[in-house]
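Because only heavy atoms are used, hydrogens play no part in the values below, and waters and symmetry mates are left out as well, while side chains stay in. As the structure is a prediction and not an experimental result, all values here were calculated from the model.
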Amino acid sequence: MIGAATLMPPRKFQTTFMPIPRQNTRAYKSCPPTKSFKAVTGLITEKGISAEWAEILNGTRPGDELCPGYLLALSQDRSDAGDEARLKVDGALFPKDTTPTDGRPHWPNQRLLVEFKGGKPGTDSKDPFDDILGDPRSTSGQEACGQLASYIAHACNHQQRTAVYAFFVNRRKIRVTRWDKSRIIFTPAFDYVDQPELLCDFLWGFSRLSDKNQGLDPTATLLTPTDPEYAEMDTAAQALASDLSDDEGTIVEFDETNDRPYVFKFQRKMFADSLDPEWPRYKLLVPDENGQREFLVCKPCFVAPGVLGRGTRGYAALDYATKRLVFLKDTWRPSYDGVEQEGCTIKKLSEAQVPNIPTLVCHGDLGQETQSPAHYVTPKGRRPNTRSTRQAANSPQAAASPQPANEVPQGTKRTRSMANAAAKEALLQSSQPDDCPLRKLTHYRIVVAEICMPLCDFKCGKQLISLVNDCILAHWKGVESSHRILHRDISTGNLLILPRVITDQADEKRTVVRKGILTDWELAKQLPADEIDVEVMRQPCRTGTWQFISSFALDFPEYPLRVADDLESFFYVILYNSMRYFDNTLGSVSYCMSTFFDSFTVDDNTYKCGESKRSALRIGQICLQWGATFTVHDKTDKERAHHLNDIIEDLLSWFQARYLLIDQDLAPASKKASSLNPDLALDDEYEQERKRKKQMLLQRRRDELKELESNITSHGAVWRLLSAVLRTAWPEDDKVGDRLVDDSDDGSDDSDATPAPGGQPSRRRRRNRRPNCHSLRLLPVPVRPRLSHRRLQRPVADAGFRTDALRAELSCTSARTSRRSSCQGHIFEVHHRGFWG
């Protein structure tokens with residue numbers, strides 16, 4: 001199939017994931033009982049159908065249960081107390097000893113979710129899947145799929161899961177589904193009234209599964225109030241007199257009796273706030289060099305939205321052995337040859353003494369991989385090529401590149417365009433058409449010593465630039481180290497603030513200083529020794545933060561990233577915060593930010609850079625609304641120029657030079673020949689002389705552009721520019737607060753916005769001028785994001801998700817909270833924000 005789901009026959013699904021043991025035991029019989037579901041016939045309401053299910057599953061005699069040891073609890077009417085999303089799935093299977101009776105979902109204890117749908121026969125189908133396309137065709141089906149996806153995501157957020165099972169009951173038909181981070185596996189809809197034995201086999205097989213096979217994470221232990229770890233967490237959340245303020249300039253008194261690391265008040269508060277009484281507490285295991293280490297967590301401080309993808313969660317955690325507060329990141333990382341663990345990258349950077357990076361405590365894979373890629377079948381009906389990309393690159397086909405490096409004719413200098421062409425050819429050779437597009441993901445945890453603050457907590461413009469410059473220095477030293485590591489995911493969420501206690505060597509006074517920390521090195525990659533060396537794609541898609549990816553990377557995703565691309569991402573971080581937190585010329589901030597950072601174009605069925613970002617880099621100005629140029633004001637004196645304008649203007653001129661050169665390199669050969677060929681035979685001597693002068697002017701202009709571009713081929717010029725501006729006088733209170741408000745209903749026309757759900761993008765390039773909402777949400781494609789949630793997230797396309805029905809329709813927050821009439825859930829998450837604190 002083509003979409004984000006894989007069809008599997010019911011009996012194969014049951015024997016693969018819910019097998020029935022053959023041998024008898026004293027506790028259970030080997031053959032499940034068969035019960036009649038004929039009482040469901042004729043029922044058209046969800047409550048009527050669900051009530052009959054509960055009666056049949058729960059009302060049996062001992063020894064005659066359909067799902068021994070489990071009961072079905074219904075929760076259509078009431079959400080959990082304190083649940084901000086207020087989601088309530090129709091029902092779920094619970095172990096008998098934890099089955100709720102208050103009519104609430106109790107998300108932390110659910111084992112198998114059940115969603116019921118009713119309706120009169122012949123009405124619009126509410127089927128969330130299509131047996132051929134995978135994606136639902138009808139609007140109500142898309143709503144049902146989004147609703148089910150939001151429930152699955154909510155359950156995963158509250159539990160420690162490797163997979164989730166769910167039943168979708170549509171009147172007298174049912175689909176059995178399995179969700180992991182790579183894909184959805186579902187059965188065809190079968191009539192459980194006519195085939196009750198098949199449904200009974202599913203229920204019986206599920207009851208015989210171990211907790212691990214039911215999808216629970218065996219490396220996570222659910223804590224109860226009677227456990228000693230539970231009390232340790234309460235103790236660690238208590239504020240101490242020794243906790244420090246994070247305000248810059250705070251004087252710290254030296255205490256000889258205290259040899260423990262400094263703890264700041266915001267770190268203690270972050271851990272205390274995570275101890276939500278409505279959330280479960282867990283003891284998580286993280287691999288270490290000497291075995292396993294234990295960390296105590298509760299409510300995550302960051303959750304990447306969606307079901308599919310890396311599912312990153314960040315916790316303010318307690319190291320159970322040392323009783324220190326640390327930060328724990330739980331994610332599903334791509335499992336491919338050449339893709340290093342983030343902890344290994346940080347360890348290399350630490351050994352190279354790279355400043356302003358996290359301090360590694362421990363990390364490791366948990367031995368759990370997504371199973372759905374093993375069951376993927378290509379649209380041609382056969383198993384995909386499962387060779388790794390590195391193996392494919394080393395194959396004879398990849399080796400037979402038409403212009404390898406060692407076959408460049410003698411006397412010919414290998415230019416950047418030649419190198420890019422060779423790289424593109426190698427990438428195309430390494431991507432077999434039948435390769436599985438699903439990312440193979442493995443469960444991974446990493447713990448670092450620092451709990452940081454988000455970048456948006458900067459106090460003023462000068463501090464913002466200082467923090468960004470700290471991170472540029474970290475990036476610079478990482479690239480210049482012996483490992484030549486490029487970050488490749490610069491975003492405002494990956495630049496964090498860490499208060500540190502610095503000792504003045506002159507008077508030995510200790511004060512608090514805020515430093516920038518560059519985090520989330522998960523996508524980092526080692527640069528080749530020679531910039532023209534061919535790189536091979538390591539996984540079937542490129543991930544990153546859409547809003548901050550360079551224009552070149554968005555328009556030419558087949559080419560490898562370089563230093564200039566990451567420096568362009570740093571520029572977007574400065575621009576993003578300048579738009580959002582400073583007085584400026586923008587009218588509708590949310591509209592303008594969405595236009596620049598979220599917009600996209602469609603070219604030959606491929607989503608590419610938006611026109612606003614692309615044009616700004618060519619003309620050297622940012623014009624977003626009514627043709628006015630973006631300018632930052634000093635809020636105390638709007639006539640006074642702000643230093644942020646100087647930084648943006650200089651950086652933009654350097655990137656403008658880069659893209660003008662790129663456009664010249666990519667210009668059609670016929671156009672180049674007509675304008676730059678000095679030997680062009682012309683009858684008119686005057687025309688020939690004019691052509692020569694034009695060529696000289698163009699060459700002079702090209703030399704000037706190359707000189708400007710040289711400022712962003714390495715870090716030195718950018719770092720020196722920011723350092724020089726920091727030495728000048730700045731306004732002390734120029735931050736005006738968060739100007740990002742939800743003004744989506746501003747009357748702007750969105751008729752040329754994202755194609756309708758289910759529609760295919762046109763092969764003609766077109767401009768998406770005005771997204772109709774602004775959430776900047778994590779999506780597989782940039783589909784009409786909204787900024788109303790006031791935190792930056794990512795619309796990043798994933799090569800594994802090839803249909804637009806799910807991608808476009810299932811993009812909003814949830815079934816019950818969407819501002820539109822459709823019931824849409826956030827299925828897709830391709831890359832997390834990297835929020836360490």
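Thr16 places no side-chain N or O within 3.5 Å of a backbone atom of Phe13 that could act as its donor or acceptor partner. Side-chain atoms of Asp80 come within 3.5 Å of backbone N or O of Trp107 as a donor-acceptor pair. Thr162 places a side-chain N or O within donor-acceptor distance of the main-chain N or O of Gly215, the cut-off being under 3.5 Å. Within the 3.5 Å criterion, the main-chain N or O of Leu72 finds a donor-acceptor partner in the side chain of Asn58. Between the Arg104 side chain and the Ser79 main chain, a donor and an acceptor come within less than 3.5 Å of each other. In this structure a side-chain-to-backbone donor-acceptor pair under 3.5 Å is missing from Arg313 to Phe302. Proximity of a side-chain donor or acceptor of Thr187 to a complementary backbone N or O of Arg175 within less than 3.5 Å is not detected. Remark: the backbone N or O of Leu441 is paired with a side-chain donor or acceptor of Thr370 at under 3.5 angstrom. Using modelled atom types, no side-chain atom of Asp180 and backbone atom of Ala163 make a donor-acceptor pair closer than 3.5 Å. Asp194 contributes no side-chain N or O that, together with a main-chain N or O of Asp191, makes up a donor-acceptor pair within less than 3.5 Å.
Distance check: Arg86 CZ to Lys88 NZ gives 6.5 Å after rounding to the nearest 0.5 Å. Expressed to the nearest 0.5 Å, how far CZ of Arg178 lies from OH of Tyr165 amounts to 4.5 Å. Note that SG of Cys145 and CZ of Phe129 are 4.5 Å apart. Values are rounded to the nearest 0.5 Å. Between the CG atom in Asp127 and the CZ atom in Phe186 there is a gap of 8.5 Å [rounded to 0.5 Å]. Expressed to the nearest 0.5 Å, how far CG of Leu112 lies from OG of Ser207 amounts to 11.0 Å. The line from CH2 of Trp204 to CG of Leu66 is 9.0 Å long, rounded to the nearest 0.5 Å.
What you find for Arg78 and Pro105 is that their closest heavy atoms are O-CD, 3.1 Å. The two residues Phe94 and Gln110 come nearest to each other via the heavy atoms CZ-CG, 3.5 Å. Closest of all the heavy-atom pairs between Trp332 and Gly309 is CB-O, 4.5 Å. Taking every heavy atom of both residues into account, Val193 and Phe37 meet most closely at CG2-O, 3.6 Å. Contact between Glu369 and Ser335 at its shortest, heavy atoms only, is OE2-OG, 3.7 Å. Summarising the geometry of Ser182 relative to Leu308, their closest heavy-atom pair is C-CD2, 4.1 Å, with the distance given to 0.1 Å.
Using a 4.5 Å cut-off on side-chain heavy atoms (C-beta onward), Arg281 and Leu296 make no contact. Considering only heavy atoms from C-beta on, Lys299 stays 4.5 Å or farther from Tyr315 through its side chain. Taking the side chain as every heavy atom from C-beta outward, Leu198 and Tyr192 never approach each other to under 4.5 Å. Contact annotation: the side chain of Gln547 approaches that of Asp598 to within less than 4.5 Å [non-hydrogen atoms, C-beta and beyond]. Leu209 has its side chain within reach of Met18: a pair of non-hydrogen atoms, C-beta onward, lies under 4.5 Å apart. Between Val297 and Ser274 there is no side-chain heavy-atom pair separated by less than 4.5 Å. Using a 4.5 Å heavy-atom threshold, the side chains of Asp90 and Ser50 count as separate. Annotation: side chain of Thr224 is not in contact with side chain of Tyr230 (no heavy-atom distance under 4.5 Å).
Using cut-offs of 30° and 60° on the angle between ring planes, the pair Trp53 and Phe167 is perpendicular.
Using a 3.5 Å distance cut-off with no hydrogens or angles, the side chains of Thr442 and Gln368 do not pair a donor with an acceptor. Side-chain N/O atoms of Gln214 and Arg161 include no donor and acceptor closer than 3.5 Å. A side-chain donor-acceptor contact under 3.5 Å links Gln147 and Lys117.
With respect to the salt-bridge test (charged N to carboxylate O, under 4.0 angstrom), the residues Asp77 and Lys47 qualify. Here Arg11 pairs with Asp201 in a salt bridge; the nearest charged N to carboxylate O distance falls below 4.0 Å. A salt bridge is defined here as a Lys NZ or Arg NE, NH1 or NH2 lying under 4.0 Å from an Asp or Glu carboxylate O, and Arg445 with Asp217 meets this definition. For Glu46 and Arg171, the salt-bridge test fails: no basic side-chain N is under 4.0 Å from an acidic carboxylate O.
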Would you check, one step at a time, whether the test side-chain contact (heavy atoms from CB on, under 4.5 Å) holds for Phe295 with Lys283? CA-CA 6 Å; Phe295 297 88; Lys283 178 171 65 177; over 6 Å; no
Evaluate the side-chain contact (heavy atoms from CB on, under 4.5 Å) criterion for residues Val169 and Val114: first the C-alpha distance (whole Å), next the side-chain angles of each, then the deciding distance (0.1 Å), finally the verdict. CA-CA 7 Å; Val169 182; Val114 186; 4.1 Å; yes
Applying side-chain contact (heavy atoms from CB on, under 4.5 Å) to Leu93 and Cys67, what does each step give before you reach the verdict? CA-CA 9 Å; Leu93 290 178; Cys67 193; 4.1 Å; yes
For Leu57 and Tyr70: C-alpha separation, side-chain torsions, deciding distance, then whether side-chain contact (heavy atoms from CB on, under 4.5 Å) applies. CA-CA 9 Å; Leu57 266 65; Tyr70 297 87; over 6 Å; no
List the steps and the verdict of salt bridge (Lys or Arg N to Asp or Glu O under 4.0 Å) for Glu143 and Lys126. CA-CA 8 Å; Glu143 296 172 357; Lys126 298 179 181 179; over 6 Å; no
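Paired with His443 under the rule side-chain hydrogen bond (donor to acceptor under 3.5 Å, both in side chains), one option of Thr219, Asp330, Asp365 passes, and it is Asp330.
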